[in-house]
Amino acid sequence: MTDKPWPVPNADTASFWEGCAQGELRLQRCLSCGAAQFPPRALCARCHAPSPAWEKASGRGRIVSHTRVHRPPSPAFKAEVPYVVALVALEEGPRIMVNLRGTAADDPQIDDAVCIGFDPPAGPNGIALPHAVAAEAP
Amino acid sequence: MKQRAIITGAADTAVGELPGSTCMGLHAEAASLALADAGLKPSDIDGVLCAYSFTEPHLMLASVFCEYFGIQPAYSAAIHAGGATGCVMAMQAAALVKSGICRHVLVVAGDNRLSGLSRDRAVAALAEVGHPQFERPFGVTIPALYGLVAQAYMHEYGATPEHLAAMAVASRTHATRNPKAQMRKPMTVADVLASRFISEPLRLLDCCLISDGGAAIVVSAADAARDTAKRAIAVLGTGQKNTHEHLVAAPSLTEFGCRDSAAQAFGRAGVTPADIDVAEIYDSFTITLLVELESIGFFQKGEAGPAALAGALDLGGSLPCNTHGGLMSYAHSGAAGGLFHVVEAVRQLRGEAEARQVRDAELAFVHGDGGILSAHCSLVLGRQ
Ligand SMILES: [Zn+2]
């Protein structure tokens, strides 16, 4: 039985995964040009200034694309097939990839408003993967 | 007068399921065929470019190949640019001969991806393209990543599943005229739309094949034409553009580097898309080809699908495309997949394409893309 490809945090990403385990979505923001970025890096990919700061993100965003996966990458995902992978543009600008859960996965549409939540910690490093659910109606 | 690099040899092995084949055996066979095509001896080769392998992976594949084949060239290197590798190797070989570092560069790739890997292992190996922390944990596959591009592109430009299917049908129509193609049974848009979903909106017949096979070309200095056997094909222009590696970090889901890569190649060749007689464009999925046809400038946004449905990509159409059958109907065996497009362009320009020949083809465009429309490389080739 092959396991899922669990993230292995490193110096660039540890703060992100710590945040997820605490139910908090974190992004980096450049202290020099102010750009928010994801995935995390040791520098700002826009102006190349070192050591961007971490901040708590809103967790709100919109679906920019989605796909329902019928053939999984490995048997580890077979039990969940078909499942929806989406790219979500966060209010802060960066895009993240997540699975859609709950009603958000029923008939996803581009531009649907979603909120980021977190799976229970799992895998050898206790990773809480982010997911997205439908945003509450305003 | 500007000295152009020339392609003096081009060949591929049989493709499809080749039981008993090995990765290096396919490399050697393709190399021997390309050398024979050029009328050159192994000892004439002073440069070698290889790619990568799934079945016999190695840190130094060019050295592995040279040892296996029995040559000790002055220059060798391996290039990893996913599906762009075939074109990137051709571009690099052209630079090596133009700079005077090499006289005859052998570009060779091959893999026994079908018989040497189980289907599950092939899917798993390809999924490693995803970001290890921010994409793969969500269960993505390459079709899923291209499915995300397809969904966004269809939303923005109004492409439909029928338009995607038209890409696969055009390739299959060409393949029916190519006795070497892996898939030759005629196919309709309805057949594509009836195939099962792999990752929505992409269905099985929106996806490329998995094949065994190898391909090779010889790129030579301009004045070497007199040493070789056949009509030399000039490398008139080359270009590249890389905008990202992982889709999560792509600057856009609907605008990709193929536009700049192609513009560079057209500019260096001094031609425009309208001048091209035949195109061989990377088609890992139907959406890959559709995005590239529109981004490169062969069709306006939203028009490639309707044009393909009306026969624009077939012989006699405005842009005969993937005349060998492409990755969806000819074959796809790793880095050789992109080299098949180059080999086919050479055959078209030499007038050797038999039943699938584009009449009086003088100018060809070849394009490769690697990753998720991440790395792009374009070539403009022409009759000398
Ligand atoms: Zn910055």
Side-chain angles (χ1 to χ4, degrees), chain A residues 2-10 12-14 16-17 20 37-41 45-46 63-89 94-100 108-111 119 122-123 125 127-132, chain B residues 118-158 195-204 206-207 210 243-254 285 287 372-373:
Chain A
T2 53
D3 198 10
K4 289 189 174 180
W6 290 106
V8 179
N10 61 23
D12 290 338
T13 66
F16 177 83
W17 293 117
C20 291
Q37 79 174 2
F38 185 84
R41 304 161 169 100
R46 182 166 166 229
I63 294 174
V64 288
S65 196
H66 55 86
T67 181
R68 195 176 302 273
V69 178
H70 294 259
R71 183 179 168 93
S74 72
F77 288 92
K78 237 164 207 161
E80 289 145 60
V81 166
Y83 52 90
V84 181
V85 174
L87 287 166
V88 172
R95 195 192 292 144
I96 73 166
M97 183 177 286
V98 289
N99 294 123
L100 297 184
Q109 301 292 327
I110 289 173
D111 290 335
D119 294 349
N125 294 302
I127 295 289
L129 290 178
H131 60 239
Chain B
S118 73
R119 195 171 177 86
D120 281 347
R121 267 185 67 206
V123 170
L126 289 167
E128 288 176 12
V129 164
H131 194 295
Q133 294 193 52
F134 301 114
E135 293 182 338
R136 293 183 58 208
F138 305 100
V140 295
T141 56
I142 294 193
L145 293 163
Y146 275 91
L148 289 165
V149 172
Q151 201 81 55
Y153 202 85
M154 291 162 84
H155 180 79
E156 184 150 345
Y157 295 114
S195 64
R196 64 188 164 86
F197 277 127
I198 300 296
S199 197
E200 295 179 41
L202 300 178
R203 297 173 179 275
L204 180 67
D206 286 298
C207 302
I210 297 177
T243 54
H244 62 280
E245 175 56 28
H246 304 105
L247 192 63
V248 73
S252 164
L253 295 180
T254 51
F285 298 93
I287 185 63
I372 312 305
L373 292 155

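A note on names: the letters A, B, ... follow the listed sequences, proteins ahead of strands, and every chain is numbered from 1. Hydrogens, waters and symmetry mates are skipped; everything else that's a heavy atom, side chains included, is used.
- Around the CZ atom of A/Arg46, the shell of radius 6.0 Å holds no more than 12 heavy atoms that belong to other residues, nucleotides or ligands.
- Note: B/His155 NE2 to A/Ile63 CD1 = 11.0 Å, rounded to the nearest 0.5 Å.
- The part of A/Val8 that comes within reach of chain B is its backbone (N, CA, C, O), which places non-hydrogen atoms under 4.5 angstrom from that chain.
- One distance of note links CZ of B/Phe134 with CZ of A/Phe16; it measures 5.5 Å at 0.5 Å rounding.
- A/Arg95 places a side-chain N or O within 3.5 Å of a backbone atom of B/Ala250 that can act as its donor or acceptor partner.
- Ranked by non-hydrogen atom pairs under 4.5 Å with chain A, the options B/His131, B/Glu200, B/Arg196 are led by B/Glu200.
- Residue B/Leu247 holds its CG atom at 5.5 Å from CE of A/Met97, rounded to the nearest 0.5 Å.
- The distance from atom CD of B/Gln133 to atom CD1 of A/Ile127, rounded to the nearest 0.5 Å, is 7.5 Å.
- Looking at B/Leu145, only its side chain comes within 4.5 Å of chain A, counting heavy atoms on both sides.
- For the pairing with B/Phe138, the side chain to side chain contact (heavy atoms under 4.5 Å, CB included) check across A/Val84, A/Asn99, A/Leu100 returns one residue only, A/Asn99.
- Proximity to chain A (any heavy atom under 4.5 Å) is shown, for B/Pro137, by both the backbone and the side chain.
- Residue B/Val248 comes nearest to A/Ile96 through the heavy atom pair CG2-CA, 3.9 Å, listed as atom of the first residue, atom of the second, then distance.
- The two residues A/Val85 and B/Leu148 have their closest heavy-atom pair at O-CD2, 3.6 Å.
- Considering OG of B/Ser199 and CZ of A/Arg68, their distance stands at 10.0 Å, rounded to 0.5 Å.
- Rounded to the nearest 0.5 angstrom, A/Ser65 OG and B/Glu156 CD are separated by 11.0 Å.
- Of all the heavy atoms in A/Pro73 and B/Gly139, the pair that sits closest is CD-O, 3.4 Å.
- Of the two parts of A/Asn10, the backbone and the side chain both hold a non-hydrogen atom closer than 4.5 Å to a non-hydrogen atom of chain B.
- Contacts between A/Pro130 and chain B at a heavy-atom distance below 4.5 Å involve backbone atoms as well as side-chain atoms.
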